[in-house]
**Q** 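Take this structure, written in structure tokens, and hold onto it; I'll ask about it next.
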There are 2 protein chains.
Amino acid sequence: MERILEADDGDEPTPRGGRIRARNKAHIIAAAEKVFAERGYDGATTAEIAEIAGLAKSNVHYYFGTKEAIYREVIAGIVDLWLRAFGDITANDDPAVAIPAYIRQKLLYSRKRPLASRIFATEIIRGAPILRPFLELELHDWVADKARVLERWAADGKMDPVAPHHFFFLIWAATQTYADFGTQVAAVLGRKRLKEEDFETAIETVTQIVMKGCGIRR
Amino acid sequence: MERILEADDGDEPTPRGGRIRARNKAHIIAAAEKVFAERGYDGATTAEIAEIAGLAKSNVHYYFGTKEAIYREVIAGIVDLWLRAFGDITANDDPAVAIPAYIRQKLLYSRKRPLASRIFATEIIRGAPILRPFLELELHDWVADKARVLERWAADGKMDPVAPHHFFFLIWAATQTYADFGTQVAAVLGRKRLKEEDFETAIETVTQIVMKGCGIRR
DNA sequence: AAAAACCCTGACCAGTTGGACAATTTTTCT
DNA sequence: AGAAAAATTGTCCAACTGGTCAGGGTTTTT
């Protein structure tokens, strides 16, 4: 993973230490996440990132050589989160427990980290120039693995047979939409911002439809 | 609708005629759709739009004063399509017919007009600077109306009671994902591009889960 | 045919952006 | 303390971008 996404290590021959370094890099990444999410890759400027991070623009370039390097690190962080944030799903699990848990986690992630979700979305809409390897390797294999789990569950009569890949596409879409399309969801609901209860209703509705729709007895 | 989205008519005091004008504007819009979808609003350049349209950059500015004017017209076209492309849903319809038809139309739209879908998506992720009025007025009312239809169906025992807004969020998300996240879907399926059959499977899966999940007897 | 309306483009420009760099200050290490 | 390493910043710049404009060409109308 790291090998694929991390900016070429050549950038940083000796991993310099330093409290300051860690703190500033973190500020820059946090600021960049905000700016990239709001303005997109091309719309983001290093000047704005610097300003939000509370640093001079030149200082940002001291830590990250290029704008793309910042972007790559933001993306790497998002992928990292993605890979570790969601509990695993195995054939031994009971789908009546594992699937609702997965949906809930995904939706709470949309609530807690909407910026990350949006950056992920725009990256893929752009044609995934940076994320392509991740999609074709890690994610592809992850889904292939889970597909086997779903088939097992279906064979054991624990759920209906469902095209497993598309099952995940539906869950991802239905949960991420609350981050990526938060503006639209809020406007349609007649709210300024989404509330806690909106997410609760979302969790209930998505869970209900998916569970019953796949014949998983709760 | 037009009133809200169309670029201010002041741009074009006398709607000039001309075969050439119509043809060139169409070329520009088509080119712009491609460029905006691939590069986002900020990433798009009028130079690239001109090149793809086969015109000189200055000529593009002759027809559209500003880049934003081009963008607005692209967006207006998308909204227009959105409003007229999908058959209506009324309380008199049978959900067993109307819902699958709606899902199918939405998914075929993702297949036929992925660029439009992606521009719509990035516009909303950006915070919908242009589309906000549409979301808060037309779309809000449209959903409010359909919410009443779903409640009617539920009262008549034709389907389970489901939070109607979230029902639509799920369908929109699950269908648009095949356009917006086409790259991801293809990568996970191990394909280069999505095939006809992928869309067929998607239609089946989404329809199956939604219908059964909402207790609509087919 | 000639005027009027419309179409086209090269040259140009002012503003912005990512990034380089040398000089200086601050922190860390010995 | 003093040297070495790391951090910081103002200044500068080349490349690019959206947009203007004057002049010339083409089509349509009368």
Side-chain angles (χ1 to χ4, degrees), chain A residues 7-8 10-36 38-75 126 129-130, chain B residues 7-8 10-36 38-75 126 129-130:
Chain A
D8 199 300
D11 295 357
E12 218 166 303
T14 310
R16 289 163 268 193
R19 225 166 278 83
I20 299 175
R21 186 174 189 76
R23 170 173 52 81
N24 283 349
K25 285 190 84 167
H27 284 166
I28 292 169
I29 292 298
E33 191 170 298
K34 195 181 257 184
V35 177
F36 281 127
E38 280 173 6
R39 314 225 186 262
Y41 179 78
D42 290 287
T45 68
T46 55
E48 190 179 359
I49 293 172
E51 196 193 321
I52 295 181
L55 300 171
K57 193 183 74 159
S58 345
N59 206 4
V60 169
H61 275 93
Y62 169 70
Y63 289 105
F64 296 91
T66 67
K67 175 174 158 179
E68 191 186 316
I70 306 177
Y71 182 71
R72 292 190 101 95
E73 194 140 324
V74 170
I75 291 278
R126 289 207 307 158
I130 309 293
Chain B
D8 198 300
D11 294 357
E12 220 164 299
T14 312
R16 287 165 268 193
R19 225 164 279 87
I20 300 174
R21 186 175 189 77
R23 170 173 52 79
N24 282 350
K25 285 191 82 167
H27 283 167
I28 293 169
I29 293 297
E33 193 170 296
K34 196 181 258 183
V35 177
F36 281 127
E38 279 171 8
R39 313 228 185 260
Y41 180 77
D42 288 289
T45 69
T46 56
E48 189 179 359
I49 292 172
E51 196 193 321
I52 294 181
L55 301 172
K57 191 182 74 158
S58 346
N59 205 4
V60 169
H61 277 94
Y62 170 71
Y63 288 106
F64 296 91
T66 66
K67 173 175 160 178
E68 190 185 317
I70 306 176
Y71 183 70
R72 293 190 100 96
E73 194 139 324
V74 169
I75 291 278
R126 287 206 310 159
I130 309 294

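Protein chains get the first letters and strands the later ones, always in sequence-line order, with residue 1 at the start of each. Quantities reported herein were computed from a predicted structural model and do not represent experimental measurements.
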**Q** Report the distance from atom CD1 of B:I28 to atom P of D:dG18, rounded to the nearest whole Å.
**A** 14 Å
**Q** Which pair of heavy atoms, one from A:A53 and one from A:A31, lies closest together, and at what distance?
**A** N-CB, 3.7 Å
**Q** Quick check for you: among D:dT8, C:dC8, C:dG19, whose closest atom lies nearest to any side-chain atom of A:Y63?
**A** D:dT8
**Q** Of the nucleotides C:dG19, D:dG18, D:dT8, which one has an atom closest to the side chain of A:T66?
**A** C:dG19
**Q** For B:A44, answer base if it contacts any base atom (sugar-phosphate contacts may also be present), sugar-phosphate if it contacts only those atoms, and nothing otherwise; contact means non-hydrogen atoms under 4.0 Å.
**A** sugar-phosphate
**Q** Using whole Å, what does the distance between atom P of nucleotide D:dC16 and atom CD of B:E48 come to?
**A** 14 Å
**Q** Would you mind reporting whether B:I130 and B:E68 have side-chain heavy atoms less than 4.5 Å apart?
**A** yes
**Q** Counting just side-chain N and O atoms, does B:N59 come under 4.0 Å of either OP1 or OP2 of C:dT9?
**A** yes
**Q** Grab the two heavy atoms, one from B:T45 and one from B:V35, that are nearest each other, plus how far apart they are.
**A** N-CG1, 4.2 Å
**Q** Roughly how many Å is it from CZ in A:F64 to C1' in D:dA6, rounded to a whole number?
**A** 16 Å
**Q** Please state whether the phosphate of C:dT28, meaning OP1 or OP2, lies under 4.0 angstrom from any side-chain nitrogen or oxygen of A:R19.
**A** yes
**Q** Using only heavy-atom distances, decide whether a donor-acceptor pair under 3.5 angstrom links the side-chain of B:K67 to the base of D:dG19.
**A** no
**Q** For B:G54 and B:K57, find the nucleotide of DNA chain C closest to each by heavy atoms; which residue's nucleotide sits nearer the 5' end?
**A** B:G54
**Q** 5'-most contact on DNA chain D: B:H61 or B:I20, nearest heavy atom basis?
**A** B:H61
**Q** Which heavy-atom pair separates A:R39 from B:D42 by the least distance, and what is that distance?
**A** O-OD2, 3.6 Å
**Q** Other residues, nucleotides and ligands only: do more than 12 of their heavy atoms fall within 6.0 Å of CD on B:E51?
**A** no
**Q** Whole Å only: how far is the CZ atom of A:R23 from the C1' atom of C:dT26?
**A** 12 Å
**Q** Is A:R21 near enough to C:dT27 that one of its side-chain N or O atoms lies under 4.0 angstrom from OP1 or OP2?
**A** no
**Q** Report the distance from atom OH of A:Y71 to atom C1' of C:dG18, rounded to the nearest whole Å.
**A** 17 Å
**Q** State which of D:dG10, C:dG19, C:dC7 makes the closest approach to the side chain of A:S58.
**A** D:dG10
**Q** Looking at D:dA7, I'd like to know if its phosphate oxygens (OP1 or OP2) sit under 4.0 Å from a side-chain N or O belonging to A:Y62.
**A** yes
**Q** Round to the nearest Å and state the distance from A:R39 atom CZ to C:dT16 atom P.
**A** 14 Å
**Q** To the nearest Å, how far apart are A:D42 CG and C:dT16 P?
**A** 18 Å
**Q** Can you figure out which of C:dT9, D:dT9, D:dT17 approaches the side chain of B:T45 most closely?
**A** D:dT17
